[in-house]
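Report on the structure given below.
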2 protein chains.
Amino acid sequence: MAPSRDEPDLSFLLDHSSHVLRTQMAAALAEIGLTARMHCVLVHALQEERTQIQLAELGDMDKTTMVVTLDALEQAGLAERRPSSTDRRARIVAVTEKGAQVAKRSQEIVDGVHRAALGSLPEEEAEVLVRALNRLVTGHLATAVEAPQPVRRARQRG
Amino acid sequence: MAPSRDEPDLSFLLDHSSHVLRTQMAAALAEIGLTARMHCVLVHALQEERTQIQLAELGDMDKTTMVVTLDALEQAGLAERRPSSTDRRARIVAVTEKGAQVAKRSQEIVDGVHRAALGSLPEEEAEVLVRALNRLVTGHLATAVEAPQPVRRARQRG
DNA sequence: TATTGTTATACTCTATAACTATA
DNA sequence: TATAGTTATAGAGTATAACAATA
């Protein structure tokens, strides 16, 4: 939505800037064959032994979305599913050697995209921007208002 | 995506804050039966005589999305399609009396949601936040990187 | 009984294509 | 030939339900 008047339209400012930054990030990561989600999973899986559900929560995605993301990472040879030694239901996501290299590169890309954006601002403005957003994200804009759940029919038996 | 390290994760900050603000806005406008798009169309249509396509451009939506949005506004008795006096293909979107009242109320709601967010910050931080976002939106984050177009088959003849 | 991961699929959203009327 | 608006629908994205294995 475009700004309608002279008042600051915070919705437009946040929507537009986050959308454009997201497209820049997607384009930059696509050059090494990654999506933002794949990058996110790689980085978190590298930090410590984590199951799919733990990684899903960290990346704020559904467990079924994690399945698809992991399929892509496995197919690219960047990660593997390994049985957990303590819970035979769970799978630990192990990052391969190649995956670790790619993650290092993708983190540089992510940092670069962020630096380019923040670097386009006067230094003090960039600092305050980050501080203000952090305050919002941990305060007034911490948790989404959940919409009323749409009804969902049972799926066809097969 | 959650922040992965100690560096400021601008993507997360913008995505999260814009998403939560959007849900707050949707919930607040839903109380008077509006979506953000409906509000956007009402406000712009009130400013001057505008066609559907002009309103679609202002609200950054497709003309087909505008059709759906206008259907909703008409059904709610808030706006009407009127033939343009200068172009018999085009329709002017006229806001009804009731629509004008609702638009006034919805603008108050929008302003209120924005004020609540900005008001949760120290005054100077809020000012710099808006200034910085404005600079990004008109500068480094002005235009989205467009993704390669997905192929699209011809639609079934009927 | 509850949880992990999987598959199948329903749903939403939005854009594309084709069409009619008009320019 | 090009444009405004409409309809139908394709496609992406994602979440829900059901299920098997295990806790």
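Lettering follows sequence order; numbering is per chain, from 1. Fair warning: this is a prediction, and the values are worked out from it, not measured in the lab.
If you check residues 67-92 of chain A against DNA chain C, the residues with a heavy atom closer than 4.0 Å are A:Val67, A:Arg81, A:Arg89, A:Ala90, A:Arg91, listed by number.
Put simply, A:Thr65 has a side-chain N or O that comes within less than 4.0 Å of OP1 or OP2 on D:dA15. The shortest distance between the side-chain N/O atoms of B:Gln54 and the OP1/OP2 oxygens of D:dA4 is not below 4.0 Å.
Regarding A:Met61, its CE atom lies at a distance of 20 Å from the P atom of D:dA12, rounded to whole Å. In this structure, B:Asp62 places its CG atom 7 Å from P of C:dT16, rounding to the nearest Å. The interatomic distance linking B:Ile53 (CD1) with D:dT6 (P) rounds to 10 Å, in whole Å. Following rounding to the nearest Å, A:Arg22 (CZ) and D:dG13 (P) show an atom-to-atom distance of 11 Å. As a whole-Å value, the separation of A:Lys63 NZ from D:dA18 C1' is 10 Å. Between the C1' atom of C:dT6 and the CD atom of A:Gln52 lies a distance of 9 Å, rounded to the nearest Å. Rounded to whole angstrom, the span from the CD atom of B:Glu57 across to the P atom of C:dA15 amounts to 13 Å. In this structure, B:Arg37 places its CZ atom 8 Å from C1' of C:dC13, rounding to the nearest Å.
Counting only heavy atoms from C-beta outward, the side chains of B:Leu55 and B:Met61 never approach each other to under 4.5 Å.
No donor-acceptor distance shorter than 3.5 angstrom exists from the side chain of B:His19 to the backbone of B:Asp15, with no hydrogens or angles considered. Using modelled atom types, no side-chain atom of A:His114 and backbone atom of B:Asp9 make a donor-acceptor pair closer than 3.5 Å. Between the side chain of A:Lys104 and the main chain of A:Gly99, no donor-acceptor pair closer than 3.5 Å is present.
The base of D:dA4 is not paired with the side chain of B:Thr51 by any donor and acceptor separated by under 3.5 Å.
Across B:Gln47, B:Gln54, B:Gln52, a single residue satisfies side chain to side chain donor-acceptor pair (under 3.5 Å) together with B:Arg50, and that is B:Gln47. Shown are A:Val93, A:Asp87, A:Ile92; of these, the side-chain contact (heavy atoms from CB on, under 4.5 Å) with A:Thr51 is made only by A:Ile92.
Electrostatic pairing of B:Arg81 and B:Asp71 counts as a salt bridge here, judged by a charged N lying under 4.0 Å from a carboxylate O.
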